[in-house]
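Beneath this line is the structure, given in structure tokens, with notes to follow.
It should be emphasised that the depicted structure is a prediction, and the values quoted were computed from it without experimental measurement. Side chains are part of it too, since the values below use all heavy atoms of this structure and drop only hydrogens, waters and symmetry mates.
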Amino acid sequence: MSFIEVFGYIPAIVFPTATIIQLIHLIKSKTSEGVSPFTWGAFAIGNVSLYIYTEKYSQLQSIIGLLLTSILQIVIIVLVFKYRANKKSL
């Protein structure tokens, strides 16, 4: 493994971890106040676009750092809209 490949694991750890932190907060608090679905949507689009742009389709760093993160970001968006719909129905 080269020096550059090792550095590829940094975003593969940081991006999903940061997204998981937000996801855990949403699930625990059951409220989406202060969470912008449009921002998380932009992050998801950016991650998928970067995955396509880099053309490193089979590298674990790209799959975890970009695709897995974008999936988690889409889950955040779904939860935001779910919690907002629940709040309106109360």
Side-chain angles (χ1 to χ4, degrees):
M1 185 178 301
S2 74
F3 184 68
I4 297 298
E5 288 175 330
V6 171
F7 271 94
Y9 280 102
I10 293 173
I13 294 168
V14 172
F15 292 158
T17 302
T19 306
I20 288 169
I21 291 168
Q22 179 69 72
L23 193 54
I24 290 170
H25 174 72
L26 276 170
I27 292 169
K28 282 185 175 182
S29 68
K30 302 255 189 270
T31 181
S32 62
E33 289 183 35
V35 181
S36 169
F38 300 108
T39 300
W40 287 101
F43 290 153
I45 291 168
N47 282 329
V48 171
S49 299
L50 189 57
Y51 176 76
I52 293 167
Y53 174 74
T54 59
E55 297 182 357
K56 298 186 181 210
Y57 307 121
S58 62
Q59 289 193 353
L60 189 59
Q61 300 97 316
S62 293
I63 294 169
I64 293 172
L66 300 172
L67 289 184
L68 174 64
T69 302
S70 65
I71 291 167
L72 293 172
Q73 290 162 341
I74 292 168
V75 172
I76 288 173
I77 295 165
V78 169
L79 285 177
V80 166
F81 287 121
K82 176 185 173 188
Y83 293 149
R84 288 184 183 174
N86 289 347
K87 186 176 180 180
K88 287 180 184 178
S89 67
L90 295 177

Do Glu33 and Lys87 pass the side-chain contact (heavy atoms from CB on, under 4.5 Å) test, and can you show the C-alpha distance, the side-chain angles, and the key distance before you say yes or no? CA-CA 10 Å; Glu33 289 183 35; Lys87 186 176 180 180; 3.4 Å; yes
Result for side-chain contact (heavy atoms from CB on, under 4.5 Å) between Trp40 and one of Val80, Thr19, Val75, Ile45 points to Thr19
Flag, side chain of [X] to backbone of [Y], donor-acceptor distance under 3.5 Å:
X	Y	answer
Ser36	Thr39	yes
Gln61	Gly8	no
Gln59	Lys56	no

Please evaluate residues Ser32 and Leu79 with respect to the criterion side-chain contact (heavy atoms from CB on, under 4.5 Å), reporting the C-alpha separation (whole Å), side-chain torsions for both, the decisive distance (0.1 Å), and the verdict. CA-CA 8 Å; Ser32 62; Leu79 285 177; over 6 Å; no
Same apolar cluster (I L V M F W Y, side chains within < 4.5 Å links), [X]/[Y]:
X	Y	result
Phe7	Ile13	no
Val78	Val35	no
Leu68	Ile77	yes
Ile71	Phe15	no

Rounding to 0.5 Å, atoms CG (Leu50) and OG (Ser70) come to a distance of 10.5 Å
Rounded to the nearest 0.5 angstrom, the CG-CD1 distance for Leu72 and Ile21 is 12.0 Å
With side-chain contact (heavy atoms from CB on, under 4.5 Å) as the test, would you mind laying out the steps for Tyr9 and Met1 before giving the verdict? CA-CA 11 Å; Tyr9 280 102; Met1 185 178 301; 3.9 Å; yes
| query | Between Tyr51 and Tyr57, is the ring centre distance below 6.0 Å? | reply | yes
Taking every heavy atom of Asn86 against every heavy atom of Ser89, the minimum-distance pair comes out as O-OG, 2.9 Å
Pair Leu66, Val48 - check side-chain contact (heavy atoms from CB on, under 4.5 Å), show working.
CA-CA 6 Å; Leu66 300 172; Val48 171; over 6 Å; no
